Structure formats: C-alpha cells, structure tokens
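Quick notes on the structure that follows.
As the structure is a prediction and not an experimental result, all values here were calculated from the model. Labels below follow one simple rule: chain letters A, B, ... track the order of the sequence lines, proteins then strands, and each chain is numbered from 1.
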Amino acid sequence: MPNKNSITLTIDGQEVTVPEGATILEAAKQAGIDIPVICYHEATTANGLCRICVTDVNGGRLLQPACVAQCQADSSVETRNERVERSRKTILEMLNASVDLSEAPEIQEMMSNYQADSERFPDAKSRDHAIIDDNPFYIRDYSQCVLCWRCVQVCAEDAQYTFALTLGERGHDTEVATSFDISMTESPCVFCGQCVGVCPTGALKSKVEFGMQQGLSADEIRQSTRKSRKRKSLNDK
Amino acid sequence: MQIKTQLDDLLIHYSSRGRDALLPVLWDIQTAYGHISKEAVHEISHRLRVPEADIYGVISFYTLFHSDPTGETIIRVCTDPSCGLRGADAVLDGICQKVGVQHGETSADGKYTVEHSPCLGLCELAPAALVSKRGEGEVSIGEATVESLLADELGDYHSAAYSQMGILLDDNDLSNLEQYGDYGALRHALDAISPDDIIAEIETSNLIGRGGAAFPTGMKWKFTRQSEANPKYVVCNADESEPGTFKDRVLMEKRPHLLLEGMALAAYAIGSEKGYLFIRGEYPKATKILEEAITDAESANFLGHDILGSGFNFHVEIRRGAGAYICGEETALFEAIEGKRGFPRIKPPYPTTHGLFDKPTVINNVETLCAVPHIIQRGATWFKGLGTEKSTGSKLVCVSGHVERVGVYEIEPGMTLRDLLEKHCKGIEGSLQAVLMGGAAGTFLTPDEIDVPLTFEDLRGIDSTFGSGAIMVFNDTVDLRDVLRRLALFFQHESCGKCFPCQLGTQRQFEILQRSDNPKNGDTDRLRDVGLTMTESSLCGLGQTAASAILSAMDKFPELFIEKR
C-alpha cells in the first residue's frame, strides 16, 4: 500500500511502488524481474563490486549498480538493453579470461544467458595460484577467486571480527591474503567456516569436499585432516 | 630486542592515536628501515589497535611502501609519456645496467633497488626520477641522467611558471611568509565578512573546481555548511598524479601560504576547525615547503588557536600519500587518511554530508583553494570579469612534450590552444601530430582542433576537457601506439582493483595495446567493448576515464588500429 514514504518508478515498463531507500535490486525482485549478481550476498555489506547488476536509469551517462543504487521516484529503469548487455557480457568475458570458473555454475549460466564468448580475450593474463592446503578444515584455490570480498567481509565486521584476511596488492593483481601470507593456522583464523559458506566459486572449500574431488576415500580424507590437526597442535607447543 | 626498542622510539609519538595514524607510522618505518617488517606490523597492530592483516593489506596497496627489504637507495624513474619522449627508458635501463639489476630488483650488494614509476609530476623537467635514501627520505630529480641519479649529492630543481595574468603565479618567489606577507583576505574575512557571505561571494564568482570534475566550489561549500553533523573538515586534495600534470606542485612550492590561506577561508566559511592537506608521497620538496609554511603561519597566528584574536580556530595537518593515483579520487583519499587501502566509496552519499570520518567535508583541489583568497580580497565581480561567463578567473595548465618552452602557464580562459602553444610556449617542436588534452584521462586532439578556446564549455563542446590541466604535445616523430601503451600501463598499474570493470578492463586494455603493432583479429572491437564497459559501469572516476584517451584515439587516429588481414 503506497504511503508518503513510498516511491513509484518504472522498471522495464512495469510500475513498481517501493519504500523510500529501497535498492533497484529489491524493487526489481518485488516486480518479479531477475537481475544477475555475482558479489552481492544478502548477509554481507553490498559494495557494488562486480557491476553485473548494472541497469540503465533514465538513459544516464553511467549505468547504475542495482545492488546499491537506491530507487529514484518517477525514474525509468531498464534492466536489459544494449548498453547493459554489453557491460554484462564484457565483464563476464574478461572475468572468464582471468579466473577459473569451472566450479561456478551460476556464473557459467550467466555467460550463456549473455552469449559471452569464453575465448573472447586470447593470450590474457589469468590469475593463477597454487592451491593452499595449510589447515585441517578447508583449502584455498585463489585461481577460482572472483574477488567478491565476501570471505574478507565475514571474517571482519560483517560477522566474525576475526580479521584473519585482507586484500593484498591491487588492480588485476589483487588477491585475498593473510598478513604476510602466513598460514591459516598461524593467523587469527578460528575456523568458523563462514568464509567457506559464502564463497560463490570453488575458491574456498572444505577438505572433505576437496578430498572427494581428488578421489580420496573417506578414510584417506579423515587421515589427511587428522594429520594436519596434529601438526597444528605440535606447532602450538 | 634491539629493533623493538628502536620501533618503540618511533611509535611512542603515536601512543594515543588510532587507525588514522597508520599512514604516518608506516612512512616513519619505511623511511627508517627501507621496508616494513612483520615484526614492525605486529608492534603497530598493538599500538594503533589495527589488525595485522589490515596493516599488511595497506602496505601492499601503496607502491612507496615495501613489506620486503629494499636497497639502501631506491631509484624510481618515470616512464610515462612526457618522460618517455625525453629518454626515460634509456636512463632506467642505464641505471639497471650500471648497478646490475633488472627493473624492480635490488642489487646483490643491497645498495640499490631500481623501479619504473608512474608520472612523478615533474614533466617540465623530463625525464624525472624519485630517489629514496634509507634514513633520509625522498628527493625528486629533474632532467635525470644515470650519473645524476647515482651521484652522492642529489641536486635540486627549479620549476618554470609563466603567467599572463599574475594572479596565482608570477615571477616573484612568495614561498616564505616574509615574502608572502599578511594573510590579508583571511584578516578581512574574520573582521568583516560572515561565513554565509563568504560562500555567497564564492558562488557569485562562478569558481569551478580545478581538479578535473569541474564542480561549482560555492555550491560544495554551501551544502557542507548546511549539513547538520559536526565536526566538519576541510581537505586539500594535493594528490596530483595524473600523467602530464604538475601545476599543483609548482603552486605549492611557490605559493604555500596562498594555499593555506585558502584552506583557512574555506574552514571559516563552512564552520570547520580541522584541515588535512593530502599531498602525494612523490612531492617531497612541496611537502617540506608546506611543513615550514604551516609552522610559520601558526607562529604568526594566521593558523592555529584563536586566529588573529577572532576566536576562530583552524589547524592544518599534512598527510603524505604513498604511491597511489587512485587517492586523487576524493573518497579514496578519505580512506587513505583514515588509514585504509585507497578504495573509492560508493556515491551517494557525497562528501558534503558523509566525507572524511563520515563527517561533512569540503574537499578541493590546490588550484581551487588558491583562487579563494584573491576572490575574497578583490571581489567576485573582479574574478567574473576574467575569462568567460562560464570559465571565470584564471586557469593553470601544464604543457609538456614537444613545445619549445614547457612549463606551467597561467592563462585567461578563452585563449585558444593554438595561441598557447604557438605564442606562449614559443612554438611546437617539429610538426604537430596530436595533443593529449586533460591528462591520461583526457582526450586526444588533432592538429585541426587546436583553435579551440581553452574554456570548460568550449572543450566540452568538442568532447574534451581541461581535466587535470595537463596538455601533452606530440610531434610527428612520436609513435602514438607507444604513447597509448604507456597510458594503458599507467591505468593497469593504478587501478585499485575494487570494481570488476576497471580491475579486469585496465588489464585487458593493456594486453590488447601491448600487441597493437601486430593486432589480433577483433582487437579493435575488443578494445572498444572494454573501453565502453569501463566508462559506463566502473565505480569511480578512474575506471570511468581509464579508456577516455584510448577511445578518443580510436576515433581520431583510426589508422593506428587497422588489423592486418
């Protein structure tokens, strides 16, 4: 029911009334319109990083990220037009050239939705990292990291206040890291597992899942996690 | 234990400080030890109560900070376009050969680390270099040679400034208080003008921000004054880092008190008692001059407590950047002062309500603030009488590259680019091929476009911009593809990595231009898609303009992009 704190706008030709302060993403959801997202997660602070959710508001010079842009009264939002599609497709193609998306089915589906060409950028520098297996609970494969920041955020003010993780370097070389790249067991990590829970790709995964992917038996997996647990307790002494 | 004691001595100055002291602490340690060790990070973490991982993240963001040991002397040679034209590559390679290292390496004897650098803002003295000596700090070197960089005594430089108008700059050196004299505009304002009237005067003057975004200064001040939250801050953006831009450095070196007086007037107008002057770490000379100027102005009671007996307090603190072009973006600059990685914030909210420390903040460019005392002293009507209706006052531009006389020029808006280059700069060296107007984030102009009057409105009319005030001139001996590669390298190096379009797009753009002498099929379309995606979808002004010069080159010099069949 519209009241004085509601605003009305048009999304893809459809009139929508939302509370003042609602984001375009929320308004679109209410109208049953799907806007793709990569970095956005309901449980973490939205930072407008991936820009997959960009929309065209009143044909403005800049496209607006639906996850953080608030609805403007009487505005007209287009969630899919030529400009929007070019941005989404190009971002996906550039991302695919840098990151191993083989364990990110949602992003792969987006790629087919937007006719993104997985070979669009030949000879591109990819972010290759060796798998880091330094604790009994989870592995880190940053070749699959899209830099959504969710793990860093839940480790910090969004949930756990542990501050084991940071972003290191910058630009295309940006990476999720610990202080001086110390192992997770040396870091303040309390192995709460929230980072693994919010990871949208295969960059963070439990050792059980990782072991199963490697074709290890249940016994072998148990042994591998025990061994590392023992190492940890020896380190502590 | 030894190092812990030494660290304690350094850190004692910061005992009651919080995270906002992080960059100053890191600078102290970087200068003393040549790098910031794990042990130092541990100590800082305890003192400032900042997580170790966060500190490490900050160190690795800023290129003048190192977490690994460096040579006793770090030599950085600028390889951006203007220095590239003047033999920077040969100087860099020469040094590397002499000390036996590759770019980015430290010599076996631990004496030298040699790196290439993005623009050092000394373009009129190209090639430029920045030398850091352990225990001493930074020195800027103009007209660098292998010999001058390896000499025991590093030389000073003298910057040229030419003014038709004699407002912001003239031939006089006014760098110390004795030469500058009274803070007459501030005194007059405190005596006789209300803060609201100051703002009205600035609004009437039509002063437009000189940093690149061209926002009306008076409106910015009014919004900030109207914001209810307190305290309010005045921040001077002296993070000039756009390739080809050096006007703010010259202004700060020659007119430090003019800038401080402008900051004090801004503070009085909006109701602020605290100002920060954020200056790029690559400007050691200007930093030193400003530090002395603040001390002198405080002694004379032009700054500090109860200024000139008026009851108005205003303190200015200098903050040194540490090698990150992105910190010229206003919200990234706030993050840097707050001791964080220089990530731009999402806008809105804007600084006028949520700026530094989330408080209402006026942030202005050096040149903008330097115009303020003149407007207050001589009146908005006088200021409006200069230039054009929409581009009032005077404007500084930095001309580098192929002209007979490079330097900072103070011009009256309306002068054509041709007049500037052919008359004031004493002519073009050789035959003109292209002008890069507005800096790396600006646009290329062809020789038949140089009759454009230099005003905000006329430049906008041909889809160009004053931008940072940089004007780079290229004659027909220049390989424009090489220029584009240097611009692309600059943005690839300086993208903060926050939003995907810029983080990925600056890398892809660089890769495509790297092979532009032998392009792959489809490279032109790829480059355009990458460029338009960055322009329309990036989070901040860096990404939104990272393809600007390159897209304009595609329009104006299509022959550079022909794909062989």
Side-chain angles (χ1 to χ4, degrees), chain A residues 38-39 46-52 54 56 60-65 68-70 83-84 86-95 97-99 120-125 146-147 149 152 155-156 161-175 177-182 187-188, chain B residues 37-38 41-42 45 50-63 67 324 326 341-343 345-346 348 491-508 510-512 514-515 520-523 525-526 528-530 532-539 543-544:
Chain A
I38 293 179
C39 66
N47 288 308
L49 307 176
C50 73
R51 319 302 269 193
I52 285 293
V54 286
D56 189 331
R61 184 175 61 88
L62 301 173
L63 299 175
Q64 299 298 326
V68 289
Q70 293 181 0
R83 294 168 72 203
V84 168
R86 176 180 52 221
S87 270
R88 288 185 188 161
K89 175 174 178 286
T90 309
I91 292 167
L92 288 166
E93 289 169 341
M94 296 194 296
L95 184 67
S98 288
V99 181
R120 182 79 196 279
F121 294 98
D123 298 338
K125 182 182 175 190
V146 295
L147 294 171
W149 293 13
V152 182
C155 192
Y161 286 84
T162 300
F163 303 101
L165 296 173
T166 183
L167 293 157
E169 305 302 322
R170 70 184 190 199
H172 188 261
D173 294 336
T174 307
E175 57 189 21
T178 56
S179 180
F180 286 85
D181 298 318
I182 53 175
S187 83
Chain B
S37 67
K38 207 165 159 178
V41 167
H42 184 73
S45 173
V50 180
E52 290 185 29
D54 279 21
I55 300 173
Y56 179 70
V58 168
I59 295 168
S60 73
F61 187 86
Y62 297 95
T63 57
S67 55
I326 183 61
R341 291 165 65 86
F343 284 135
R345 300 173 185 167
I346 289 165
F491 286 112
Q492 185 262 3
H493 189 260
E494 296 303 329
S495 167
C496 77
K498 180 170 181 176
C499 75
F500 289 19
C502 175
Q503 169 216 108
L504 299 163
T506 52
Q507 175 68 27
R508 297 290 96 91
F510 172 66
E511 288 161 359
I512 295 167
Q514 276 292 91
R515 59 176 184 245
K520 286 183 191 292
N521 253 342
D523 268 2
D525 285 342
R526 278 184 199 105
R528 198 180 298 278
D529 276 349
V530 169
L532 292 172
T533 298
M534 283 198 283
T535 305
E536 295 187 325
S537 293
S538 291
L539 190 151
Q544 289 158 15

Does any backbone or side-chain atom of [X] lie under 4.5 Å from a heavy atom of chain B? Answer side chain, backbone, both or neither.
X: A/L62; value: both
X: A/P122; value: both
X: A/A69; value: neither

In terms of heavy-atom pairs under 4.5 Å, which option from [options] contacts chain B the most?
options: A/V54, A/V146, A/V84, A/I38; value: A/V146
options: A/G60, A/P65, A/A124, A/G48; value: A/A124
options: A/D56, A/N47, A/D173; value: A/N47
options: A/R61, A/R88, A/R83; value: A/R83
options: A/I52, A/I182, A/D181; value: A/D181
options: A/D123, A/L49, A/L95; value: A/L49

(Q) Could you tell me if the side chain of B/R526 sits less than 4.5 Å from the side chain of A/F121, heavy atoms only? (A)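 In short, these two side chains touch, coming nearer than 4.5 Å.
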
Checklist entry - Can you find a heavy atom in the side chain of B/K498 that is under 4.5 Å from one in the side chain of A/W149? => result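 Of all side-chain heavy-atom pairs linking A/W149 with B/K498, at least one is under 4.5 Å.
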
When heavy-atom pairs shorter than 4.5 Å are enumerated against chain A, which of [options] gives the highest number?
options: B/E52, B/Q503, B/R515, B/K520; result: B/Q503
options: B/V530, B/I326, B/V58, B/T535; result: B/V530
options: B/G497, B/G57, B/S537; result: B/S537

- Message: Tell me whether A/T174 contacts the main-chain N or O of A/G171 through its side chain, where contact means a donor paired with an acceptor under 3.5 Å.
- Response: yes

message: Testing the 3.5 Å rule here: is there a donor-acceptor pair between the side chains of B/R508 and A/S98?
response: yes

